[in-house]
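Below, each value reflects all heavy atoms present in this structure, side chains not excepted, and no hydrogens, waters or symmetry copies. These figures come from a predicted structure and were not determined experimentally.
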Amino acid sequence: MAEAAASRHSMGLQKLGAPILVIMILAMMVLPLPPFLLDILFTFNIALAMIVLLISLYTLKPLEFSVFPTVLLLTTLLRLSLNVASTRVVLMEGHTGTDSAGKVIEAFGHFLVGGNYAVGLIVFIILVLINFMVITKGAGRIAEVSARFTLDAMPGKQMAIDADLNAGLIGEDDARRRRAEISQEADFYGSMDGASKFVRGDAVAGIIIMLINVIGGLIVGVAQHDLGLAQAAETYTLLAIGDGLVAQIPALVISTAAGIVVSRVSSEEDLNQQILTQMFGRPQAIFLTAGILALMGLIPGMPHTAFLLIAGTLAGAGYLLLQRLRAEAEVAPVEAGPAQSEEPVEVGWHDVTAVDRLGLEVGYRLVPLVDRHQDGDLLRRIRGIRKKIAHDLGFLVPAVHIRDNLQLKPNSYRVTLKGVSVAEGEAIAGKFLAINPGRVLGAVQGQAATDPAYGLPAVWIEANLRDQAQTYGYTVVDAGTVVATHLTKVINEHAPELLGREETQQLLDHIAKQYPKLVEDLTPKVLSVTGIQKVLQNLLEEQVHIRDMRSILETLAENAGRTQDPDELTASVRVGLGRAIIHDTFGGAQELPVMALEPNLEHILIQALATRGDAGAGLEPGLAERLVRETVEAVERQENAGTPAVLLSPPAIRPILARFLRRSAPGLKVLSHAEVPDGKSIRIISLIGGNS
């Protein structure tokens, strides 16, 4: 109890820390401070600036220091408060000597002035101008441009996150975190754009405060304290320059930190590692520079010692770097393979290779995507795909067997189902596919292509054009995501074929752990595993998930004694799942906008079913063609309006009508009146077959 109370007390003090700090900073502008306290606060200001600079040097991504704009404001406010407090002391006590405002101001003044006040004043102004005109202005411009491009790229980045989420590559938590990072990135650069104005204003205020200290000090020293003009100028100029310098040096340090933060490119290396690897990682450039300096050092009249010394140092560094690179590039000897057996092995059943239920074959250039030793993450993504599909559909799809195929083109891949190719595509490892979703602001340079999964126009681009493409509104994904998305689409489309007897039995065994009596009473006494498998396949064929296995099995147990026909059992199960089907289609809407058949056409279809058992075969060819054409047109109108394409039909003809229209209108869902739960109202928005 005592530890918990102490912890709560500590948390309460932490929450009060920031308000107390701000109030103390503001109070320094009003309350007089003794010289010793000024020394402590000026020293603390310098230490704080150094901490900010070092943190910026070791930050890998700008968002790791997202509090920097607020820190920039607080440090600027601290410097201005110290300037106001020190100005008060300088003007009131400056006549007593150069140590009247504390030892720190006096030391900095003597250090910069060096016995010549004019030179000291000029150097101080130069330092302020460097901070104002170069560092702060450049950092502010970078932050402004970064903020604009970050905002322009947000839609493309959001679409990329949605694509990864739909492909099962990331979960909801990862997607939520990445969306928050995008928003924080835009907020950060926007805040940095505004916060840089604080430092620029602080630089201007530093010059003005210094002039006020000099002019005000002359007036106070001469008029009030009867000092000579020369003595007053010497004393107050030194104090003014020291006061300004002790504030502007931390400002220069923090401005440098701001420039480093906003100019950094996100990387897994800190600034020191990036400079060493990118600037001093090429021995050719170092040797060439050494040669140029050596030639310049041999020119008569040039400082030979300096040029030749630096040239020799660079040549030595380049030689050491070249030796290190050669050592790293040495290839380890290939281990000898196992010795082949002298005796021929007898042919057996192990030579019969089973056909893979689900396979992925890749060309040799795509092997790095599936090789763990080459940082290929496609295997991890495929595990994520299987997990997401299991969550969405309700059963675990078979493992994907991946192998390389030298008969494929280098950048090609192929998805196989039971040994037969069902989808093919191309992906370029190391490049990104910029997919045009239909509305882009411009074109990007690259290799024209087509999105293998959905057939959208796309362009393969280099990595350095990724941000530009996202800014233009493209959805940019890497090669692994292209393959994973296509694989996800294929698995969803062929889910009924992937639900075999073995998977059905595993699903029943899993459900039996929760509802053992339900499974025991149903199978095999009332309905065989094969019958259950056929019903589940029918549901998946019509894009109905099977996550609610309890409701499915209970409905089958109620109706299996009456009929063993899979289609009739599927219809009964659909009625039991009606609420879930309607929710997946329309969400929580109370009014359901649907299409319907013209009454005469309904009567014809029911008669055709009764006589021939096949709606398509029992219809007159012209009428069947008109039915398909009008249905396709109605589906297109619904999809363009952003409304689900749903056709409501009598229960007797729903299964056959759904099969008849499946190929012509793949986006259509055919529901029966019995599947609409109570409490939902129906609004007919289109009649099909009205002209028949």
Side-chain angles (χ1 to χ4, degrees), residues 166 392-394 492 535-536 538-556 558-559 567-610 615 623 626-662 664-692:
N166 294 333
D392 292 343
L393 297 184
N492 281 315
V535 172
L536 297 180
N538 289 343
L539 293 173
L540 293 173
E541 189 74 36
E542 298 186 3
Q543 301 177 9
V544 178
H545 67 76
I546 56 174
R547 297 197 302 266
D548 188 7
M549 281 298 296
R550 176 177 178 175
S551 298
I552 294 174
L553 296 181
E554 286 178 348
T555 305
L556 291 177
E558 293 174 2
N559 294 274
D567 292 337
E568 294 185 15
L569 291 175
T570 302
S572 300
V573 171
R574 285 182 60 95
V575 174
L577 298 177
R579 190 176 302 278
I581 295 174
I582 295 298
H583 184 272
D584 290 343
T585 306
F586 296 99
Q590 292 299 315
E591 186 180 61
L592 312 181
V594 299
M595 301 177 292
L597 298 173
E598 195 273 333
N600 290 333
L601 179 59
E602 280 189 4
H603 182 68
I604 294 174
L605 291 176
I606 292 174
Q607 285 185 334
L609 175 63
L623 179 59
R626 189 180 304 115
L627 171 62
V628 172
R629 184 180 66 253
E630 292 186 16
T631 303
V632 171
E633 293 174 354
V635 169
E636 291 179 353
R637 289 195 300 269
Q638 293 294 96
E639 292 178 345
N640 293 333
T643 305
V646 176
L647 174 62
L648 200 63
S649 70
I653 62 173
R654 193 215 66 81
I656 293 181
L657 190 62
R659 285 196 293 268
F660 177 60
L661 297 174
R662 184 175 300 154
S664 304
L668 176 67
K669 289 188 177 182
V670 183
L671 307 181
S672 74
H673 297 281
E675 295 168 5
V676 179
D678 297 337
K680 301 287 186 180
S681 59
I682 297 174
R683 176 167 57 93
I684 306 297
I685 59 176
S686 178
L687 273 179
I688 296 176
N691 298 324
S692 58

>> Just to verify, what does His603 make a side-chain hydrogen bond (donor to acceptor under 3.5 Å, both in side chains) with, not counting sequence neighbours?
In response: Gln607
> Minimum heavy-atom separation for Val635 to Ala665, with atom names?
Replying inline: CG2-CB, 4.1 Å
> How long is the gap from CG on Leu592 to CD1 on Ile582, to the nearest 0.5 Å?
Replying inline: 5.5 Å
>> Among residues at least two apart in sequence or on other chains, which ones pass salt bridge (charged side-chain N to carboxylate O under 4.0 Å, His left out) with Glu633?
In response: none
> Got a sec, which residues hit salt bridge (charged side-chain N to carboxylate O under 4.0 Å, His left out) with Glu541, two or more places apart in sequence or on another chain?
Replying inline: Arg662
>> Holding to side-chain hydrogen bond (donor to acceptor under 3.5 Å, both in side chains), I want the full list of residues that pass it with Ser551, two or more places apart in sequence or in another chain.
In response: Asp548
>> I'd like to check the side-chain contact (heavy atoms from CB on, under 4.5 Å) partners of Ala674; sequence neighbours left out, ordered by chain and number.
In response: Val575, Pro651, Ser672
>> Go through it in stages, so that I can follow the logic: the residues are Leu393 and Asn492, the test is side chain to side chain contact (heavy atoms under 4.5 Å, CB included), and I'd like the CA-CA distance, side-chain angles, deciding distance and then a yes or no.
In response: CA-CA 9 Å; Leu393 297 184; Asn492 281 315; 4.0 Å; yes
> Roughly how far, to the nearest 0.5 Å, is CG of Leu539 from CZ of Arg574?
Replying inline: 7.5 Å
> Looking at CG of Leu661 and CD1 of Ile656, how far apart are the two atoms once the value is rounded to the nearest 0.5 Å?
Replying inline: 12.0 Å
> Excluding sequence neighbours, so at least two apart, what forms side-chain contact (heavy atoms from CB on, under 4.5 Å) with Ala580?
Replying inline: His545
> Going from CG on Leu627 to CD1 on Ile604, what distance comes out if it is rounded to the nearest 0.5 angstrom?
Replying inline: 10.0 Å
>> Please give me the minimum heavy-atom distance between Phe586 and Pro593, naming the atom from each residue.
In response: CE2-O, 3.6 Å
>> For Glu602, give me all partners under salt bridge (charged side-chain N to carboxylate O under 4.0 Å, His left out), at least two apart in sequence or on another chain.
In response: none
> Which residues satisfy the side-chain hydrogen bond (donor to acceptor under 3.5 Å, both in side chains) test with Thr570, sequence neighbours excluded?
Replying inline: Asn538
> Does atom NE2 of His583 have more than 12 heavy-atom neighbours, drawn from other residues, nucleotides or ligands, at distances under 6.0 Å?
Replying inline: no
> Nearest 0.5 Å, what's the CD1-CG distance between Ile682 and Leu648?
Replying inline: 5.0 Å
>> Please find the pair of heavy atoms, one from Leu597 and one from Ser649, that lie closest to each other, and give the distance.
In response: CD1-CB, 4.5 Å
>> The test is side chain to side chain contact (heavy atoms under 4.5 Å, CB included); show your working for Glu630 and Leu601 and say whether it passes.
In response: CA-CA 13 Å; Glu630 292 186 16; Leu601 179 59; over 6 Å; no
>> Run Ile546 and Ile552 through side chain to side chain contact (heavy atoms under 4.5 Å, CB included) and show every step you take.
In response: CA-CA 8 Å; Ile546 56 174; Ile552 294 174; 4.0 Å; yes
> Got a sec, which residues hit side-chain contact (heavy atoms from CB on, under 4.5 Å) with Gln543, two or more places apart in sequence or on another chain?
Replying inline: Lys669
>> Using side-chain heavy atoms (C-beta onward) and a distance below 4.5 Å, is Val594 in contact with Ile684?
In response: yes
> Is there side-chain contact between Asn559 and Glu568, with at least one heavy-atom pair below 4.5 Å?
Replying inline: no
> Leu657 versus Leu647: any side-chain heavy-atom pair under 4.5 Å?
Replying inline: yes
> With sequence neighbours left out, what residues match Glu591 under side-chain hydrogen bond (donor to acceptor under 3.5 Å, both in side chains)?
Replying inline: Arg683
> CZ of Arg579: more than 12 outside heavy atoms within 6.0 angstrom?
Replying inline: no
>> Is there a side-chain contact between Met595 and Leu668 in this structure, where contact means two heavy atoms from C-beta onward sitting under 4.5 Å apart?
In response: yes
>> Show every salt bridge (Lys or Arg N to Asp or Glu O under 4.0 Å) that has at least one partner inside residues 642-655, sequence neighbours left out.
In response: Glu542-Arg654, Arg654-Glu675
>> For Glu558, give me all partners under salt bridge (charged side-chain N to carboxylate O under 4.0 Å, His left out), at least two apart in sequence or on another chain.
In response: none
